[in-house]
Protein chains: 2
Amino acid sequence: MATPKRQQRTLSIDRIVATSIELADRHGLDALSMRGLAGRLDVTAMSLYNHVANKDALIDLMLEVVVVEIVAPDIDKPWRDMMRRRAISMRKVLLSHPWAARILVSRISLGDAAVRDIDVTTGCLVTNGFTYAQADWARNAINNHVYGFILQELNFPVEPNDYRAAAAQYLPAIDQHKFPFMYAGALEIIEGTYDGILNFEFGLDLILEGLERWIGT
Amino acid sequence: MATPKRQQRTLSIDRIVATSIELADRHGLDALSMRGLAGRLDVTAMSLYNHVANKDALIDLMLEVVVVEIVAPDIDKPWRDMMRRRAISMRKVLLSHPWAARILVSRISLGDAAVRDIDVTTGCLVTNGFTYAQADWARNAINNHVYGFILQELNFPVEPNDYRAAAAQYLPAIDQHKFPFMYAGALEIIEGTYDGILNFEFGLDLILEGLERWIGT
DNA sequence: ACCTGAACACCGTTCAAGT
DNA sequence: ACCTGAACACCGTTCAAGT
């Protein structure tokens, strides 16, 4: 008898953000529209503006949720283990939200989670003897490796397992005289001299070793 | 007597790309629309599609022009000098086209200029004794530093010269109990113990030294 | 307080029609 | 061969009006 109620306060900022992350994870951030998001929430696009200032503010909120997922360093444990754990966690989180890395490197986030990450990462380093200047350097070196590696990983059109097959397939298309080293590199991959695979943790450890030596001096 | 001709073959792919770069440099890539670009060229938006497949293809062409501006390594000169020169050139180029870095890290470019950069950079390294595996690592380490540094530089809301004033201004807004290291770091900047400035070439040299030591073993 | 209809000022792109 | 008018299927956002 009761007609279906239409305004049943179904919307909340948390539900909006969670749903938009879900949609972005599935279809990419470019495919996320205020209208599409609203549709998913059984509401009109305009309703969203009662909870969020605009699309950009929504994206900031989405990033906050992603950054919270990163395992934070324990301030008073050995910095190398903690930096390693944080970087590995960042990779896992950013691979599970493939839209996030591109946005994280495109803006300076001043949200609570992002500031907390900086605070606690810096904290772990200075507690372990880094100066603030050194901690800034270390944090950036690690972040650059993580972001750079993951962006490549996300954008690369071929899976590591298929490198060899892909090299064999595309070798004839590489102009040997124009790009001799590209050609030679592809040959190495085909012949198995080099697998072409970059290992995330190997590069990470190179950086951590470099930092260790650097602050030691 | 002659009525003004309307189809005077004013358009060319080069003119389209050059104008779109000019507009993106000035107003940002987000403000670049096919319609706006066409207007700048005194033509309707649809005319552009006679010269370029779509907006994405146009952006690829824009990137090519940017990448060409980067000073390429000389294959048979000392790798450290060449990598240094290339990185410094990349920074200059990417700062003069502030929209470009964000896009470069968001896709794998297979354009001629991008492939040439990989080829010649790899070439310089292997000619100087790197294996292909080591060259891949080195190239990525350098690129990650350059991109990471520049993206921070482009996005950071405060000029290095204003760090101290900004720190003084925002210190009261930092919750000392919530973010103690952030607070302490800001204090160091205010007191002049640390200027907060990251030096591009210093970080670059740390990486180059690390690479030197790494391939030496 | 929260949701909505209608509207504004845009987008990228297609396609048939013009010269 | 190249340019265009009209149209399609979208956008984000504002604002007054509803409950």
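All chains are named by letter (A, B, ...) in the order of the sequence lines, taking the proteins before the strands, and each is independently numbered beginning at 1.
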Are [X] and [Y] within salt-bridge range, i.e. N to O under 4.0 Å?
X: D56(A); Y: R107(A); answer: yes
X: D117(B); Y: R139(B); answer: no
X: K55(A); Y: D60(A); answer: no

Item to complete: Please list, chain by chain and in numerical order, all residues satisfying side-chain contact (heavy atoms from CB on, under 4.5 Å) with V43(A), sequence neighbours excluded.
Response: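 By the side-chain contact (heavy atoms from CB on, under 4.5 Å) rule, V43(A) matches L11(A), A38(A), S47(A).
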Between [X] (side chain only) and [Y] (backbone N and O only), is there a donor and an acceptor less than 3.5 Å apart?
X: H145(B); Y: L204(B); result: yes
X: E64(A); Y: A113(A); result: yes
X: D25(B); Y: H97(B); result: no
X: R116(A); Y: K178(B); result: yes

Worksheet, complete the sentence: Here the distance between atom C1' of dT13(D) and atom NE2 of H51(A), to the nearest Å, is 17 Å
Worksheet item: Atom OH of Y49(B) to atom P of dG5(D): distance rounded to whole Å?
Response: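 Atom-to-atom, Y49(B) to dG5(D), this comes out as 16 Å.
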Item to complete: Return the stems involving DNA chain C, sorted by first number, where pairs are Watson-Crick (N1-N3 with N6-O4 or O6-N4) or G-U wobble (N1-O2 and O6-N3), both under 3.5 Å, and runs are 3 or more long.
Response: C:4-8 with D:12-16, C:12-16 with D:4-8
Worksheet item: Looking at E153(B), E69(B), E201(B), which hits salt bridge (charged side-chain N to carboxylate O under 4.0 Å, His left out) with R91(B)?
Response: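 Single salt bridge (charged side-chain N to carboxylate O under 4.0 Å, His left out) partner of R91(B) among E153(B), E69(B), E201(B): E153(B).
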Worksheet item: Going by heavy atoms closer than 4.0 Å, what residues in residues 52-61 of chain B are next to DNA chain C?
Response: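 Only N54(B), K55(B) qualify.
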Discussion item. At a heavy-atom distance below 4.0 Å, what parts of residues 19-40 of chain A sit against DNA chain C?
Written reply: R35(A)
Would you tabulate the nitrogen or oxygen pairs shorter than 3.5 Å linking the protein to nucleotides 15-17 of chain C?
none

Fill in: ring-ring contact (aromatic ring centres under 6.0 Å, His included) partners for F130(B), two or more places apart
W79(B)
Worksheet item: Distance between the P atoms of dA9(C) and dC10(D), in whole angstroms?
Response: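 Pairwise P distance, dA9(C) against dC10(D), rounds to 22 Å.
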